[in-house]
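I have placed the structure first, in the form of structure tokens, so that the comments after it can refer back to it.
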Amino acid sequence: MFLTSMKGRPSFVLRSLLITVFFLGYFGDVSCDRFVDKGGYLLWNVGRNVLDRAEDRLEFSFRYCNDKGLLIYQQGEGQNYFALGVTEGRLYIEASIEDRVVEVFIGESTQDVVLKNHTHEVIMTGLRGLDSDMRITINGTEYPPQILTVVSVELSFSSPAMSGQTLVGGYKNIIDLRLNTQRLKAYPIVCMFYIRTGEGEDLSALSLTSTDESLGASDTCHTCPQPSTVSMTTLTSYIEMQIDKTPTTNTVINFKFRTKAPNGLLLYFGGPAYLAVYLRSGALVLRLNTKGSGVDAVRQSTRVAPFNDGEWQEITIRRDNNVATMYSLAGDVLARVEFVGESSDTAHVLNAEKLFVGGVADPRGLPSDMRTSFRGCLDDLRFSVGEDAPLPYEFQRQNVAFRDVEFSCMPNQTCESYPCRLDRGEACDVGVCECAEGYRTVDPVPLTCENIDDCGPDPCQNGAICTDLIADYNCACTEQYKGKNCTVDRNCYYFPCYNGGSCLELDTPTRNESGRNCTCAHGFTADDCSVVDYCADNPCGVGVCNNYLSGYNCTCPDDPDEIVKDRQNCGPLAVRSPIQISPAALVIVLFGVAILMVVVIVFLAFRRSYLKRKRDALLDYPKSPVYEESRENVVEYGEEGYGEEDQDTFDVNVIQSAGDTLKHRKKFPVLSPEDAAQVEDFISSRLSDADVDTNAGARDQKMSFADEGRGTPAASLSSLNSSSTEEEQSYVYLQRWGPRFSRLSDMFNDGQSDSD
Ligand SMILES: *[C@@H]1O[C@H](CO)[C@@H](O)[C@H](O)[C@H]1NC(C)=O
Ligand SMILES: *[C@@H]1O[C@H](CO)[C@@H](O)[C@H](O)[C@H]1NC(C)=O
Ligand SMILES: *[C@@H]1O[C@H](CO)[C@@H](O)[C@H](O)[C@H]1NC(C)=O
Ligand SMILES: *[C@@H]1O[C@H](CO)[C@@H](O)[C@H](O)[C@H]1NC(C)=O
């Protein structure tokens, strides 16, 4: 049972039985794939009516590998037919009903509706009129029919007008097809998963295994193989393929080739007897000798267009007994030969052992036309003996031997025996040297090429100078313009970079300030390098430099919140808290302390000598020559320094009473040695306290020494006036070391401010 139908109104039992059979058939066929190879087909005889009611609903699922091909074909009476297949990436229906031809594409021409190597599930309904009432969904998406010819037809697969043979996946013989166009004249190499026809409950599945005839079909569905290509590079190239089948009466060979060379051997299947195909002056020649002796049967193709046009050509050669026929891809007969030899006892079995492609290992002994190898590319070789459909060969894996071949198709690899003179503008193109792009062929024999002047007419605009190149030209633009033809304004001209900055012109179609990039010279910044870059020398060091039109300032790591304003560097002097003293500052501090100590020592020394002389004077008054001075000194001493107000520890009564005594007795009281020592100790201890006591009153210290001793023989004892230059006496910087040093600074600086 190849067709399960649910027609009629049988009894309940029969109906149930039929439903069971229906589902068995239905699901059985879902899993039953049918692969139909190139050159193969599935065939149902006349009257089987396998597509019954497909005009109502036709469902099928398939995957295909070739560029185009016939999927389903129903022969009718007379010129009637219905054909469905793939071409140009779309499904296509071509039908002829009562001499009216209908052509319908499914989907827009811009769409790849059915991709190669992908599985598609197609549902077609309303095919009866082959018009816009058709509904076609592919993998769930509906595609509109594109009807090329609007005619009124009535399609019915059950009518006697459509009762011929049915083909699926290919065809047995092209001449049995009545196709009006070339669109489906090819083998799709297809995997057919199911075909169902009918409507609703009556949908029935066609058993793809219950054919009356088939070729090249198997139950194993293959994915599309990658193409197997070889290129023949020299005049002695060849590849010999494995053949493990004993020759019989039939042979089928199919392959594609591509060349520009007019001559060369394409195929040689032979031993003593042989079948050969070769190119002669661009025509294909078929040659057969099934006996290995006698006069060969030779026939050249009648096609006008040459076969060495650089395009892919596909041919099939079928040999039955002593007759060989060469077909084009579409199935047209290109040549047919019949070998009869010299006698009537012609051999029918080709006594051949070797299959050579593109050339032979040893061409000696062959007819002269067959001695040079083909140069160009070969693809998709298929070969069979006996009744099988031709099986694909992989050149690289299934060869016995080869010479000068590449297992790829590179048009420029195929001229090795005639190396093209590249320096004279020649280039290799699938087997021959031609004038390269950009050159004109002055003479084909011998090949003479001339560089085409691409500067005539001059394409360069705006005063540019044109230089001719190979298939190209170069315009040297004036500085305002750029572009292939110097028609676009240069941004670097209209928006220059200032102050010696270099300008990079960017690719813009129109004049645009952002269409150029300035790299500024050192010390300058901004998009056009017009702002001085105060940060160029990195004045902030570890900090961040902020450049402004008028200057810069620093954001330093120790002051990220920028509390200190307008910092010019991030050096240690700018540090505020905690105090950190640099080694240099420390040296200065120690030096200051040392100076202070020297001053104290000198002071003490002078004071001691002063006191001694005063005591001597008092003891020897008025004889002493220093009397006047002594008196003066006493007065000054009395005025001197409110430091002596510190009466807790220093008794000035001694001095005051000395004054009183002088008035009345004209005699100074004597300062006893104990008192003198006491004064000395007091001063020493106060000075040493002062060295360590940061809270000591400054006035005490200052007044004690700064105003002291003027007019005495020792002159001033103040160290603060001892220096000769003012700079050395400026201790203002000490204030910047922090509060603890400001007192020290005050101490030193008061004397200075007095002298100012
Ligand atoms: C087809 O698809 C299979 C896997 O889905 C992949 O291996 C194979 O290479 C494909 N064939 C071609 C010709 O793209
Ligand atoms: C340059 O000029 C040539 C010749 O007029 C023209 O064909 C081409 O399109 C132009 N190219 C550009 C980028 O304008
Ligand atoms: C401009 O130049 C600078 C520095 O060389 C670079 O970082 C930037 O990406 C450039 N801009 C463009 C648009 O090329
Ligand atoms: C730096 O200078 C700019 C401009 O004069 C000013 O706005 C900003 O406050 C300054 N910042 C600091 C941390 O001084």
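Counting starts at 1 for both ligands and their atoms, in listed order.
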Practice problem: Applying side-chain contact (heavy atoms from CB on, under 4.5 Å), run through L71 and V168 and close with a yes or a no. | Solution: CA-CA 5 Å; L71 291 173; V168 167; over 6 Å; no
In terms of side-chain geometry, is the basic nitrogen of [X] or [Y] positioned less than 4.0 Å from the acidic oxygen of its partner?
X    : Y    : answer
K260 : E434 : yes
D37  : R382 : yes
R34  : D219 : yes

* To do: Can you measure from CZ (F257) to CG (D380) and round to the nearest 0.5 angstrom?
  =>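 Going from the CZ atom of F257 to the CG atom of D380 covers 13.5 Å.
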**Message:** I'd like to check which ligand 4 atoms, numbered from 1 as shown, lie under 4.0 Å from a non-hydrogen atom of D566.
**Reply:**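 Within the 4.0 Å cut-off of D566, ligand 4 contributes 12 (C), 14 (O).
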Point to revise | ligand 4 atoms in contact with E562 (distance to a heavy atom under 4.0 Å) | key: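 In order of number, 13 (C).
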Report task. Heavy-atom contacts with N117 under 4.0 Å: which atoms of ligand 1 show up? List them by number with element. Result ->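 Once the distances to N117 are compared, the set is 1 (C), 2 (O), 3 (C), 8 (C), 10 (C), 11 (N), 12 (C), 14 (O).
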Review point. How far apart are the C-alpha atoms of L179 and E94, what are their side-chain angles, what is the distance that settles it, and do they pass the side-chain contact (heavy atoms from CB on, under 4.5 Å) test?
Key: CA-CA 8 Å; L179 295 172; E94 188 177 304; 3.9 Å; yes
Should the SG of C466 and the SG of C475 be checked, would they turn out to be under 2.5 Å apart?
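The answer is no, since C475 and C466 keep their SG atoms 2.5 Å or more apart.
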ask   = Does ligand 1 have an atom that lies less than 4.0 angstrom from a heavy atom of C65?
value =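 No heavy atom of C65 comes that close to ligand 1.
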Between ligand 2 and the protein, give all atom pairs where both partners are nitrogen or oxygen and the distance is under 3.5 Å, as lines of names plus distance to 0.1 Å.
| from | atom 1 | to | atom 2 | distance (Å) |
| --- | --- | --- | --- | --- |
| ligand 2 | 2 (O) | N485 | OD1 | 3.4 |
| ligand 2 | 2 (O) | N485 | ND2 | 2.1 |
| ligand 2 | 11 (N) | N485 | ND2 | 3.0 |
| ligand 2 | 14 (O) | N485 | ND2 | 3.3 |

How about T316 and N254: does a side-chain donor come under 3.5 Å of a side-chain acceptor?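 Result is yes, a qualifying pair exists.
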**Prompt:** Quick check: does Q226 get an N/O under 3.5 Å from an N/O on ligand 1?
**Reply:**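 So ligand 1 has an N or O lying under 3.5 Å from an N or O of Q226.
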- Query: Looking only at N/O atoms, are P227 and ligand 1 under 3.5 Å apart anywhere?
  - Reply: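 N/O-N/O distance below 3.5 Å does not exist for this pair.
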Cut-off 3.5 Å, no hydrogens considered: what does the side-chain donor-acceptor table look like for residues 394-402, sequence neighbours left out?
| from | atom 1 | to | atom 2 | distance (Å) |
| --- | --- | --- | --- | --- |
| E394 | OE1 | R397 | NE | 3.4 |
| Q398 | OE1 | E394 | N | 2.7 |
| N399 | ND2 | F395 | O | 2.9 |
| N399 | ND2 | Q396 | O | 3.1 |

| request: Just let me know how P225 lines up against ligand 1, side chain, backbone, both or neither, with a heavy-atom cut-off below 4.0 Å. | output: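 Backbone only.
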For N546, state whether at least one heavy atom is located under 4.0 Å from any atom of ligand 4.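 Checking ligand 4 against N546, which is what was asked, there is no heavy-atom contact under 4.0 Å.
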Legend entry - Name of the residue among D507, T508, T487, D489 meeting side-chain hydrogen bond (donor to acceptor under 3.5 Å, both in side chains) with K482: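 Testing each of D507, T508, T487, D489 against K482, the sole residue satisfying side-chain hydrogen bond (donor to acceptor under 3.5 Å, both in side chains) is T508.
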